[in-house]
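Chain A is the first sequence line, chain B the second, and so forth, proteins listed ahead of strands; every chain is numbered from 1.
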2 protein chains.
Amino acid sequence: MLPEHNILFKNINTEDCKRMITCFNADIRRYKSGSCIANYDEYNDKIGIVLSGRAVMVRYDINGVRTIIESLEEQSIFGAFFTFNISKRNTIEIVSETDCEIMFVRRSEITKRCEKACQCHSKVVENLLALMSEKTISLSERIEVLSQRSIEDKLISCLEIIEDKTPDGKTPQIPFSTTALSDYLCVNRSALQREISKLKNAGVLTISKRKFKFLRPKD
Amino acid sequence: MLPEHNILFKNINTEDCKRMITCFNADIRRYKSGSCIANYDEYNDKIGIVLSGRAVMVRYDINGVRTIIESLEEQSIFGAFFTFNISKRNTIEIVSETDCEIMFVRRSEITKRCEKACQCHSKVVENLLALMSEKTISLSERIEVLSQRSIEDKLISCLEIIEDKTPDGKTPQIPFSTTALSDYLCVNRSALQREISKLKNAGVLTISKRKFKFLRPKD
DNA sequence: ACTCCCTTGTTGCAATTGCAACAGATTTTT
DNA sequence: AAAAATCTGTTGCAATTGCAACAAGGGAGT
């Protein structure tokens, strides 16, 4: 994907875009699926934007337990700046799930007053605001899911959010394998499997591969 | 607190501030402790900023179980725009914990291009960006806590984050009662109490009222 | 087609957590 | 100051969840 098609440069003409990408010292890199795109063992103010592909932010605790902190779809932003303090007990990494193109920009480059006073600069800041707004929504959804008290409720809450985002006519699809989903819901895999089977047997929903469908009339 | 002292208007002179507050149609309201400041049963694009006092974003599910979604300290922002889709099964409210002053601004007023092209406008957008950045950090911390697999780990993670934020020399303090803390950690109160007692007996930490201290040498 | 590796699905058992109930402490209201 | 309401701390028991182990399924690569 061309960087100028990124939401960050929305409503800015291609000419200005190219100029700004240089002006920002933007760095565009490609990663194979399964690569480590970034890790947060030290502070830096780089902002990453997923131009194409999909990545996840993961944490491994001292026992090696994996937690998927966030799923980063196309157009998502990430960076130490948007995340909690780096703890000594955890390792946080951004890992590509598919082949990815990532654009890196220093936050300070974006927020600093541009000497050249280019108009599009403030436009970029506004666009960044919109991206961040989306991020807070995505994080809030995550909290919504994790704050459920039982595995069943976590699962249903998660699936409902996916369902809500699915365009009419399309079949809702989980962006993870069941194993990864358990890391995302922060529960034991086999306990999650048990709940899935229970819901299937109870006729609440159907799940086949990653596609699912609630059987009750949507209220 | 004077609204012009709010972070949103940082680096903007008092004169311009007053002008902008009018320009934005900013609405400043006072609330007694325990009042409902906002509820998200319908969409609106109002942004709320806590000028003084403290509030919480809470959810009550159909069973009346309370979850404290966020603790909103002074200078925090909130709004439906930053939150997940409103579900029919949940009620989300902002409730004041102390007496509060809240400033409401419509998001569209801030992001729209100002006809008068006032310079400070883009400064406000940048400030909003900083506020949102803090918000994403605060939400990420919340996820960090909730993603822990046991009550003990949730508690420790939560306390460590509070400890990290406490200025040197001051005693770290939980912003909640134990009962409210259990709603924040999304666990049963007496189970939480049990874990607190266990940690105290094991000599890991001391807790008296809301003040606490880890006894192990900080690593 | 075969191997290797990872995922799915299941189960018994152990550990953790939730629930309910209660007594005492603390805070708020009258 | 008394009464009411809320919060703290504890415990036995029930329910949920985690753990470990295993069999079976599916995909990628040779």
Side-chain angles (χ1 to χ4, degrees), chain A residues 32-34 56 58 61-68 95 97-99 145-158 173-202 205-212, chain B residues 32-35 56 58 61 63-68 95-99 145-158 173-202 204-212:
Chain A
K32 288 268 170 217
S33 173
V56 287
V58 294
D61 73 12
I62 34 168
N63 304 316
V65 174
R66 181 177 78 152
T67 299
I68 297 180
V95 179
E97 291 276 291
T98 65
D99 290 2
V145 171
L146 289 181
S147 65
Q148 301 298 324
R149 308 302 163 95
S150 67
I151 294 180
E152 181 186 333
D153 287 343
K154 282 189 176 77
L155 175 62
I156 289 177
S157 166
C158 176
Q173 188 162 347
I174 304 166
F176 304 118
S177 68
T178 308
T179 305
L181 183 62
S182 71
D183 290 340
Y184 182 76
L185 300 182
C186 301
V187 298
N188 179 272
R189 181 194 64 85
S190 53
L192 173 62
Q193 196 75 252
R194 186 159 40 201
E195 294 304 318
I196 292 175
S197 304
K198 204 187 288 177
L199 288 174
K200 276 163 85 171
N201 293 334
L205 46 74
T206 54
I207 303 190
S208 134
K209 302 265 181 187
R210 296 181 178 189
K211 302 200 169 179
F212 69 91
Chain B
K32 289 270 169 215
S33 172
S35 326
V56 288
V58 295
D61 73 11
N63 304 315
V65 174
R66 182 177 79 154
T67 299
I68 297 180
V95 179
S96 51
E97 290 277 288
T98 66
D99 291 0
V145 170
L146 290 181
S147 66
Q148 301 298 324
R149 308 302 163 97
S150 67
I151 293 181
E152 181 187 333
D153 288 342
K154 283 188 175 77
L155 176 62
I156 289 176
S157 165
C158 177
Q173 189 163 345
I174 305 165
F176 303 117
S177 68
T178 308
T179 304
L181 184 62
S182 71
D183 290 340
Y184 183 76
L185 301 180
C186 302
V187 299
N188 179 271
R189 181 194 63 85
S190 54
L192 172 61
Q193 196 75 254
R194 186 158 44 203
E195 293 305 317
I196 292 175
S197 304
K198 204 187 286 176
L199 290 174
K200 275 163 87 172
N201 293 335
V204 177
L205 47 74
T206 55
I207 303 191
S208 135
K209 303 265 181 184
R210 296 181 178 188
K211 302 198 168 179
F212 68 93

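Residues B/L192 and B/T178 have side chains in contact (heavy-atom distance under 4.5 Å, counting atoms from C-beta outward). For the pair B/I207/B/L199, no side-chain contact is recorded, criterion being any heavy-atom separation below 4.5 Å from C-beta on. A heavy-atom distance below 4.5 Å is not found between the side chains of A/K200 and A/T206. A 4.5 Å side-chain heavy-atom check between A/Q148 and A/L185 finds every atom pair outside the cut-off. Counting heavy atoms from C-beta on, the side chains of A/L146 and B/C186 never come closer than 4.5 Å.
Between B/R66 atom CZ and D/dT6 atom C1' there is a gap of 12 Å when expressed in whole angstrom units. Taking atom CD1 of B/I196 as the reference point, atom P of D/dT11 lies 15 Å away to the nearest angstrom. One interatomic measurement links the two molecules: CZ of A/F212 to P of C/dT8, which rounds to 15 Å at whole-angstrom precision.
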Let me have a per-nucleotide readout for nucleotides 23-30 of chain C, 5' to 3', with B, S or -, counting only protein heavy atoms under 4.0 Å. ---SS---
Output one letter per nucleotide in nucleotides 15-22 of chain D: B when a protein non-hydrogen atom lies under 4.0 Å from the base, S when only the sugar-phosphate is that close, - when neither is. --BBBBB-
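No donor-acceptor pair under 3.5 Å is formed between the side chain of B/D99 and the backbone N or O of B/K32.
Between B/I68 and B/Y184, the shortest heavy-atom contact is O-CD1, 3.7 Å.
When the side-chain nitrogen and oxygen atoms of B/T178 are compared with OP1 and OP2 of D/dT8, one or more of them lie within a distance under 4.0 Å. Neither OP1 nor OP2 of D/dT10 sits under 4.0 Å from any side-chain N or O of B/Q193.
Summarising the geometry, atom CD1 belonging to B/I151 is positioned 5.5 Å from atom CD belonging to B/E195; distances are rounded to the nearest 0.5 Å.
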